[in-house]
2 protein chains.
Amino acid sequence: MPRATFFNLPEDKRALILRVAMEEFAAHPFPRASVNRIVKRAGIAKGSFYQYFENKKDLLLYVLQIIGEEKRAYLRPVLERAGQEDFFTLLRQLYIAGIRFAQERPLYVQIGRQLLASRNSPIYPEALARGMAIAHEIFERMIQEAIRRGEVREDLDVRLMAFLVASLNNLVVEYYTEHVASEYDERLLKVADQFIEFLRRGIGTDRQKHP
Amino acid sequence: MPRATFFNLPEDKRALILRVAMEEFAAHPFPRASVNRIVKRAGIAKGSFYQYFENKKDLLLYVLQIIGEEKRAYLRPVLERAGQEDFFTLLRQLYIAGIRFAQERPLYVQIGRQLLASRNSPIYPEALARGMAIAHEIFERMIQEAIRRGEVREDLDVRLMAFLVASLNNLVVEYYTEHVASEYDERLLKVADQFIEFLRRGIGTDRQKHP
DNA sequence: GTAAAATATGACCGACAGGTCATATGACCA
DNA sequence: TGGTCATATGACCTGTCGGTCATATTTTAC
């Protein structure tokens, strides 16, 4: 957590520092992200930086906390509809919301990529593993509920399905932003639908297969 | 390419240097992989290193070339059966061979991960992009052939299918080695079959769906 | 035995890293 | 006005990096 001094800063200065920091963590993996560059680009002295943050890790964890809160807030309306929609419809809405979130905040996508890249660095478990585990649990619960309702086949390994669903979620974003367009347009729905259709055929029960 | 001096080295010394280098590239992303550590662990002088290799990048590209050749040789027998087997059977054999290759050479898997992580580094296009494109082409050709034979639905986007098949290939390896076992055992076939079954239902024609 | 060619060596270079700290600045209060 | 306390500053510390180079040693050729 940043020190009190940071929160006493004028709003715009705080925002500038955060923006510069996010750009740095988006452009470089954690060990190569440079405090020197951040202070230079933010126009503050090196000493000031260490009045605001304990160290580089402190800053990264704070940035990730902000991103996490924003993403949860973004997906909350969708997740609150659980129970009212069938599994695949809910999943489709989650995928679409995920893509839009990614497109509206390309910096966050890059930061996530850089972090995923540092799977071997000691920073990884502290930074991302917990968040990933939470997402995984959510998908597992959704799948178990869907099996109970007869929307998903019960002869498959739930963990493997959760793994597949979570992975495809990332792949949708990757495919769309890298192979189709970097902006949000009507093709987004088509891509998401094709992925959902794969899933419906792959793990859905027979009555789900031809909607 | 390494300099001639490197190839004049006694076999065991050359092998030692390569092994140490692979361990280094497996443990750290390229920019943090340290020539200093490599020479120390290999017991050679820094100057000698630069008699053997132009620079750090030269060494990495050589390591990747070796890995690529080994993998091609490993998959060749399977790919030569193309035309004799149907699409999904061939794919299943490719997936299984891929898992076994990954398990027999865990170092290579780590090196690949570290590289994939450096997607933003200038080393990436030189090092991996070409190899990935080749794999992608192979899958696209296999899919087109399968469509011609009526084994795969023709109403889907071929590029998206190739993307999916390639991605699932990586996911199979990841899931099995991280969630099931680090050793080869009978569960390997089950995991591969679940992924293949998922694909068969998702992109196969109706006559493929219930084999 | 000797000259030439190939190979081995590690001190050294400049660049940059994260982090520290003595000191300067300026706002607030008595 | 003088004193106190939060904040700002950048020179400086130690460490590591990729890469160089003058020099020493070994191998080869005659």
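Order of the sequence lines fixes the chain letters, A, B, ..., with proteins taken first and strands second; residue numbering starts at 1 for each chain. Every value quoted in this text rests on a predicted model; they were computed, and no experiment measured them.
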Got a donor-acceptor contact below 3.5 angstrom from the A/E24 side chain to the A/V35 backbone? no
Carboxylate-amine/guanidinium contact B/R141 B/E145, below 4.0 Å: no
Salt bridge B/E69-B/R72, side-chain N to carboxylate O under 4.0 Å: no
Going 5' to 3' along DNA chain D, which nucleotides are the first and last within contact of chain B (any atom under 4.0 Å from a heavy atom)? D/dC17 to D/dC21
Listed pairs, N/O of protein and of nucleotides 17-20 of chain C, under 3.5 Å:
{"unit_1": "C/dA17", "atom_1": "OP1", "unit_2": "A/S34", "atom_2": "OG", "d": "3.0"}
{"unit_1": "C/dA17", "atom_1": "OP2", "unit_2": "A/N36", "atom_2": "ND2", "d": "3.0"}
{"unit_1": "C/dG18", "atom_1": "OP1", "unit_2": "A/A33", "atom_2": "O", "d": "2.6"}
{"unit_1": "C/dG18", "atom_1": "OP1", "unit_2": "A/V35", "atom_2": "N", "d": "3.4"}
{"unit_1": "C/dG18", "atom_1": "OP1", "unit_2": "A/K56", "atom_2": "NZ", "d": "3.1"}
{"unit_1": "C/dG18", "atom_1": "OP2", "unit_2": "A/V35", "atom_2": "N", "d": "3.0"}
{"unit_1": "C/dG18", "atom_1": "N7", "unit_2": "A/K46", "atom_2": "NZ", "d": "3.4"}
{"unit_1": "C/dG19", "atom_1": "OP2", "unit_2": "A/Y50", "atom_2": "OH", "d": "3.0"}
{"unit_1": "C/dG19", "atom_1": "OP2", "unit_2": "A/K56", "atom_2": "N", "d": "3.2"}
{"unit_1": "C/dG19", "atom_1": "N7", "unit_2": "A/K46", "atom_2": "NZ", "d": "2.8"}
{"unit_1": "C/dG19", "atom_1": "O6", "unit_2": "A/K46", "atom_2": "NZ", "d": "2.5"}

Under 4.0 angstrom, heavy atoms only, what part of the nucleic acid is A/T5 near: base, sugar-phosphate, or nothing? sugar-phosphate
Within-4.5 Å side-chain heavy-atom neighbours: B/L164 and A/Q194: no
Less than 4.0 angstrom from a charged side-chain N to a carboxylate O is my criterion; do B/E23 and B/R19 meet it? yes
Less than 4.5 Å apart, any side-chain heavy atom of A/V63 and any of A/L59? yes
Any luck finding a side-chain donor-acceptor pair between B/E140 and B/Q144 under 3.5 Å? no
Name all residues meeting the ring-ring contact (aromatic ring centres under 6.0 Å, His included) criterion together with A/Y124; count only those two or more places apart in sequence or in a different chain, and write none if there are none. none
Counting any heavy atom closer than 4.0 Å, what does B/F6 reach on the DNA or RNA strands: base, sugar-phosphate only, or nothing? nothing
